[in-house]
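Comments concern the structure below.
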Amino acid sequence: MIKNLIQKLLGKSEREQQRPAAAAVPAGQRTEVGRAEHQIDPSLIDARAVKVVTTLQDAGYEAYIVGGAVRDLLLGHRPKDFDVATNATPEQVKSQFKRAFIIGRRFRIVHVVHGRGREHEVIEVSTFRALVEANASEAVEGNEKTSRAELQGRSHAVDASGRVLRDNVWGSQTEDAARRDFTVNALYYDPRREVVVDYHDGIADARRRVLRMIGDPETRYREDPVRIVRVVRFAAKLGFEIEPATRTPILRMADLLANVPASRLFDEMIKLLQTGHALASLEELRKQGLHRGVFPILDAVLDDAHRHDGHEKFIHMALSDTDRRVGEGKPVAPSFMLACMLWHEVVKRADALRHRGEGPLPALQQAIDAVFDARIGDISGRGKLAADMREIWLMQPRFERRTPSTAAGLIAQPRFRAGFDFLRLRADAGEVDDALAGWWEDYSLADDAERGELLDQARQEDQARRSGAVAAGGSASPAAAGAPARKRRRRRKSNGAGASGEGVSTASDAGPDA
């Protein structure tokens, strides 16, 4: 108890020293709403999040489940993630848990880790932030990279446009609520008392299904231009309307996104597409005039999606199946999703190189490099992402060669399932013969003897094709090649099914109505 008291007093002193003198707090009336009114179902709340809250409360701190989790609970949904807000500093939070890590520079938070391996869960804990107006903050020239030395040791700083580069000034819950972006995200839930704390009529806005910015929208977009993307994402995900004053500055201020680090913007784009409402998100971007020039990857996707040359079917199927998998609680790997989105640009560039005399494989490899440079750029984590996407793409021409050595090599690939699911999607979209995808599905499930028969069948088909039994450019069917009709196997379920996050309907994850 004495240790906790000393920590709290030191934390208070630290907050008083850090806090700038000029910090205006907008009006916000604290309202406590009981269970009879908010009707949150406690069974929807993660027990580990409750444990984090109660551990901090038992140590004498304020602590609440906060933000989007509370919003989703009010709507009757089970939140995907749970965040906690507290008046304890990051160091004080860390001292209360065995496995807790302080992360971040711009916005220091604590990750409290529960469980191990793939089953682990992270509860993100943030300290109440003070509301510091831009004109009361120290401005630096440049950005996060070019002004690192100048930012060293500062708890709050903005760039020339007012974008916040550091935000680590601790404050009260009232201020913390005021500095959050939307009213529906400025809600705090105490699971012990079953009370929702609301400062800005967030509960009413949630019930009206309205997204409304706290404070002046233009100022808030300048503080963090990523809010422009967030408002689109929430509108698509929740089916909410964007309140007029919040919507009006969006297009006018979209240029501010150019100042956001590429890695952060890339992460926001992935979130946009992995909410389970990817198609709705793209339409909302179009509705707000943000469908060109914000995300280079989406520029390519939207071109394909509205070209009406068959490519739009592939894009639509890929995104709708991504939405389906997210809705079913299944993983969706960003590498697979992005491989789908950029595939046609890779093919187009590879075809152009082949017409100039490059061989098929060098043309494909050069096209892949060019697409990465043009659409993804130099972002954190690109190496792993690029390796997975490259492997999926380079498998596709190999699927055309059904020889014993090629088949054995492909089946042994760690990413075979991802490559096959990509082929299956291409077949469903009419880009390759469905019989080819069917052959590989059968081969992947067959025993050694059956694989030998399938290879014999493929050899007969290829010989028939070469001898002119099949029209130029067509694909031989088992019947055309004189081979017996194959009996299609239902894909067997396995523990690894879907583990790579492939977003394609296959028999392994299809239900009885599929």
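As the structure is a computational prediction, the values presented were derived from the model and not from experiment. Positions are given from 1, in the same order as the sequence printed here.
- Applying the salt bridge (charged side-chain N to carboxylate O under 4.0 Å, His left out) rule to Arg193 yields the partners Glu32, Asp190; only residues at least two apart in sequence or on another chain are considered.
- Arg324 has its side chain within reach of Lys330: a pair of non-hydrogen atoms, C-beta onward, lies under 4.5 Å apart.
- A 4.5 Å side-chain heavy-atom check between Leu273 and Thr322 finds every atom pair outside the cut-off.
- In this structure, Asp201 has no salt bridge (charged side-chain N to carboxylate O under 4.0 Å, His left out) partners at least two apart in sequence or on a different chain.
- Remark: Asp176 pairs with Arg180, Tyr188 by the side chain to side chain donor-acceptor pair (under 3.5 Å) rule, at least two apart or across chains.
- The CZ atom of Phe234 sits 10.5 Å away from the CZ atom of Phe240 when rounded to the nearest 0.5 Å.
- Within the model, atoms CZ of Phe128 and CD of Gln173 stand 4.5 Å from one another, a figure rounded to the nearest 0.5 Å.
- Considering only residues two or more places apart in sequence or on other chains, Glu194 meets the side chain to side chain contact (heavy atoms under 4.5 Å, CB included) condition with Arg35, Pro42, Tyr189.
- Of the possible donor and acceptor atoms, none in the side chain of Arg30 sits under 3.5 Å from a partner among the backbone N and O of Val197.
- Taking each heavy atom of His38 and Val33 in turn, the nearest pair found is CD2-O, 3.1 Å.
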Inset, instruction - Could you walk me through whether Arg264 and Asp224 pass the salt bridge (Lys or Arg N to Asp or Glu O under 4.0 Å) test, one step at a time? - result: CA-CA 11 Å; Arg264 187 169 179 230; Asp224 186 1; 2.8 Å; yes
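- Between the side chain of His277 and the main chain of Thr275, a donor-acceptor pair closer than 3.5 Å is present.
- From Ile392, atom CD1 reaches atom CZ of Arg417 across 12.0 Å, with rounding to the nearest 0.5 Å.
- Arg247 is linked by a salt bridge (charged side-chain N to carboxylate O under 4.0 Å, His left out) to nothing, counting only residues two or more places apart in sequence or in another chain.
- In this structure, Arg179 contributes its side chain and Arg129 its backbone to no donor-acceptor pair below 3.5 Å.
- A distance-only check finds a donor-acceptor pair linking the side chain of Glu175 to the backbone of Ser172 [under 3.5 Å].
- Every residue two or more places apart in sequence or in another chain was checked for a side chain to side chain donor-acceptor pair (under 3.5 Å) with Tyr221, and none qualifies.
- For the residue pair Gln96/Tyr61, the side-chain donor-acceptor check at 3.5 Å is not satisfied.
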Inset, instruction - List the steps and the verdict of side-chain contact (heavy atoms from CB on, under 4.5 Å) for Val112 and Arg99. - result: CA-CA 6 Å; Val112 179; Arg99 297 182 66 210; over 6 Å; no
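- Pro217 has its side chain out of reach of Met253: every pair of non-hydrogen atoms, C-beta onward, lies at least 4.5 Å apart.
- In this structure the side chain of Leu285 reaches within 4.5 angstrom of the side chain of Leu272, judged on heavy atoms.
- When all heavy atoms are compared, the tightest approach of Ala186 to Ile214 is CB-CD1, 3.6 Å.
- Residues Leu187 and Tyr199 fail the side-chain proximity criterion, which asks for heavy atoms closer than 4.5 Å.
- In this structure, the side chains of Glu283 and Val232 stay at 4.5 Å or more apart for every pair of heavy atoms.
- Residues meeting the side chain to side chain donor-acceptor pair (under 3.5 Å) test with Arg230, sequence neighbours left out: Asp181.
- Side-chain N or O atoms of Thr248 include one that pairs as donor or acceptor with a backbone N or O of Pro244 at under 3.5 Å.
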Legend entry - Full working for side-chain contact (heavy atoms from CB on, under 4.5 Å) between Met269 and Leu338: CA-CA 11 Å; Met269 185 205 67; Leu338 294 178; 3.9 Å; yes
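- Interatomic distance, Glu62 CD to Thr127 OG1, rounded to the nearest 0.5 Å: 12.0 Å.
- Although no hydrogens or angles enter the test, the distance criterion places a donor-acceptor pair under 3.5 Å between the side chain of Asp323 and the main chain of Ala278.
- The residues Glu91 and Lys94 are annotated as not salt-bridged, no charged nitrogen and carboxylate oxygen being separated by less than 4.0 angstrom.
- A donor-acceptor pair is defined here as one N or O able to donate and one able to accept, closer than 3.5 Å; such a pair exists between the side chain of Arg209 and the backbone of Leu238.
- Once rounded to the nearest 0.5 Å, the distance linking OG1 of Thr31 with CG of Asp198 reads 6.0 Å.
- Between Met389 and Ala339, the closest heavy-atom pair is CE-N, 3.8 Å.
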Legend entry - Criterion side-chain contact (heavy atoms from CB on, under 4.5 Å) on Ile102 and Ile109, from CA distance to verdict: CA-CA 6 Å; Ile102 299 174; Ile109 58 177; over 6 Å; no
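- For the side chain to side chain contact (heavy atoms under 4.5 Å, CB included) test, residues two or more places apart in sequence or in another chain that qualify with Gln274 are Ile270, Val332, Pro334, Met337.
- Between Asp321 and Arg325 there is no salt bridge, since none of the side-chain N atoms of the basic residue sits less than 4.0 Å from a carboxylate O of the acidic one.
- Using cut-offs of 30° and 60° on the angle between ring planes, the pair Phe372 and Trp393 is tilted.
- Summarising the geometry of Met213 relative to Thr246, their closest heavy-atom pair is N-OG1, 2.9 Å, with the distance given to 0.1 Å.
- In this structure Val50 satisfies the side chain to side chain contact (heavy atoms under 4.5 Å, CB included) test together with Ile45, Thr54, Pro191, sequence neighbours excluded.
- Leu279 and Ser320 get closest at one heavy-atom pair: CD1-CB, 3.7 Å.
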Inset, instruction - Could you walk me through whether Ile315 and Cys340 pass side-chain contact (heavy atoms from CB on, under 4.5 Å), step by step? - result: CA-CA 7 Å; Ile315 295 296; Cys340 292; 5.9 Å; no
Using residues 63-80 as the side-chain source, report each donor-acceptor pair under 3.5 Å to any protein atom, sequence neighbours left out, with the distance given to one decimal.
from: Arg71; atom 1: NH1; to: Asn185; atom 2: OD1; distance (Å): 2.8
from: Arg78; atom 1: NH1; to: Ser43; atom 2: O; distance (Å): 3.3

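- Between the side chain of Ser281 and the backbone N or O of Ala236, no donor-acceptor pair lies under 3.5 Å.
- Residues that satisfy the salt bridge (charged side-chain N to carboxylate O under 4.0 Å, His left out) test with Asp205, not counting sequence neighbours, are Arg208, Arg212.
- Closest of all the heavy-atom pairs between Ala235 and Leu211 is N-CD1, 3.5 Å.
- Expressed to the nearest 0.5 Å, how far CG of Asn259 lies from CZ of Arg222 amounts to 10.5 Å.
- Considering only residues two or more places apart in sequence or on other chains, Lys287 meets the side chain to side chain contact (heavy atoms under 4.5 Å, CB included) condition with Glu241, Glu284.
- In this structure a side-chain-to-backbone donor-acceptor pair under 3.5 Å is present from Gln92 to Thr89.
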